[in-house]
Amino acid sequence: MRVTLAGVPELPEVESVRRQLAPELTGRRVVSLWWDPHPEQRFSDVALLEGRRIERVTRRGKYLVCPLDEDLELVLHLGMTGSFSFGPADAYARARFGLDDGRELVFRDPRRFGRVSVVEAGDYAGIPTLAALGPEPLSDDFDVDAFAAALRRSNAPVKAALLGQRLVAGVGNIYADEALWRTRIHPASRRVGPGRARALHAAIREVLAESIEREGTTFRDYQMVNGDSGRNAPFLSAYGQAGLPCPRCGTAMRKTVVAQRGTTYCPRCQRT
DNA sequence: CACGCCTCCTGTGCGC
DNA sequence: TGCGCACAGGAGGCGT
């Protein structure tokens with residue numbers, strides 16, 4: 001079985017990019033600006049960035065959030081294939097930010113799913129997922145009892161709940177499959193009791209923290225600012241492993257669709 | 001409100 | 001060899 005894999009940036013990948021960008025961008029001023037006007041709705045008020053100073057480079061879930069002077073914020077989402085580099089721009093460059101140190105930060109995004117917005121600080125009305133984003137999974141705000149209660153209230157498949165960004169921020173297709181595999185929960189399960197919720201809470205933290213240590217998962221598209229790949233791919237147990245033996249029980253891993261997303265799980269270990 | 005389905009995009013890989 | 005098409009998927013939007 002052959003599966004096409006992209007390796008979309010999720011929390012560990014965005015955090016790895018953030019760690020590389022922060023020292024380069026903090027304190028820099030944007031002195032020139034270009035962006036591809038297509039598709040128009042993925043670039044919002046970007047012109048406001050001209051002349052602004054980047055105060056910090058932070059992250060919420062899969063969003064990069066850069067406070068600017070003048071009480072503005074630059075909000076970036078890498079979509080499926082977004083990446084940054086300090087030039088040179090190629091045919092897939094969607095935005096170019098000229099800095100006051102003479103360098104140019106290039107936002108490259110072949111599939112154009114990324115988004116760039118400049119907003120008044122904290123005003124996420126135009127970015128609804130960010131406005132309603134759940135707690136950071138690696139912070140104390142990610143409360144196990146609140147998570148368990150929210151899962152109990154949810155009638156959606158547990159994987160859909162994880163991807164929804166409201167119960168917890170930053171989990172995407174890769175780490176949802178990994179955390180569910182570790183806790184032996186079937187991705188389509190609509191009933192997750194407190195014991196399994198507690199285990200899932202811990203597993204989400206583990207898979208994300210381990211991947212951050214390895215600077216993320218690279219299949220093809222994701223790369224860091226310096227062009228390096230993440231090193232987490234060889235450690236995946238579920239995502240992309242369809243047809244291969246389950247690392248726990250040896251049963252062939254199965255691929256299905258849950259929440260309109262490709263989903264790999266062990267049909268023997270993972271029970272609803 | 002919660003849930004689920006459709007859409008946006010384009011490179012890739014497969015079948016014929 | 002070349003063509004056509006299915007597939008990958010985060011988030012936004014909309015219908016139920």
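Letters go in sequence order (proteins before strands), and every chain restarts at 1.
The closest side-chain heavy-atom distance from N232(A) to P12(A) is not below 4.5 Å.
The OH-P distance, from Y175(A) to dG9(C), rounds to 13 Å in whole Å. Look at CZ on R111(A): it is 11 Å from P on dA8(C), rounded to the nearest Å. For the pair L151(A) CG and dC3(B) P, the interatomic distance rounds to 11 Å; values are reported in whole Å. In this structure, F107(A) atom CZ and dC9(B) atom C1' are separated by 13 Å, rounded to whole Å. Look at CG on D177(A): it is 10 Å from P on dG10(C), rounded to the nearest Å. What separates NZ of K159(A) from P of dG10(C) is a distance of 8 Å, to the nearest Å. If you measure from atom CD of Q41(A) to atom C1' of dG10(C), you get 14 Å, rounded to the nearest angstrom. If you take CE of M80(A) and P of dC8(B), they are 16 Å apart, rounded to a whole angstrom.
Looking only at distances, no side-chain donor or acceptor of E136(A) sits under 3.5 Å from a matching main-chain atom of A169(A). Within the 3.5 Å criterion, the main-chain N or O of P137(A) finds a donor-acceptor partner in the side chain of R205(A). A donor-acceptor distance shorter than 3.5 angstrom exists from the side chain of E10(A) to the backbone of I174(A), with no hydrogens or angles considered. No side-chain donor-acceptor contact under 3.5 Å links D45(A) to the backbone of L48(A). Judged by distance alone, with hydrogens and angles left aside, the side-chain atoms of R94(A) form no donor-acceptor pair with the main-chain N or O of G82(A) at under 3.5 Å.
Phosphate proximity of dT10(B) to T81(A): absent, as no side-chain N or O sits under 4.0 Å from OP1 or OP2. OP1 and OP2 of dA2(B) both lie 4.0 Å or more from every side-chain N or O belonging to N155(A). Contact between the side-chain N/O atoms of Y92(A) and the OP1/OP2 oxygens of dC9(B) is not found at any separation under 4.0 Å.
Proximity note for K255(A) (side chain, C-beta onward) versus dA8(C), dG11(B), dG9(C): the nearest is dA8(C). With dG11(B), dC3(B), dG4(B) as the candidates, the nucleotide lying closest to the side chain of R190(A) is dG4(B).
Applying the side chain to side chain donor-acceptor pair (under 3.5 Å) test to every pair with at least one member in residues 261-272 of chain A, sequence neighbours left out, gives these pairs: K159(A)-T263(A).
Contacts of D109(A) with the nucleic acid, taken as non-hydrogen atoms under 4.0 Å apart, are absent.
A donor-acceptor contact under 3.5 Å links the side chain of R42(A) to the base of dC8(B).
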Using a 4.0 Å heavy-atom cut-off to protein, can you give one letter per nucleotide of nucleotides 11-16 of chain C, 5' to 3': B if the base is in contact, S if only the sugar-phosphate is, - if neither? BS----
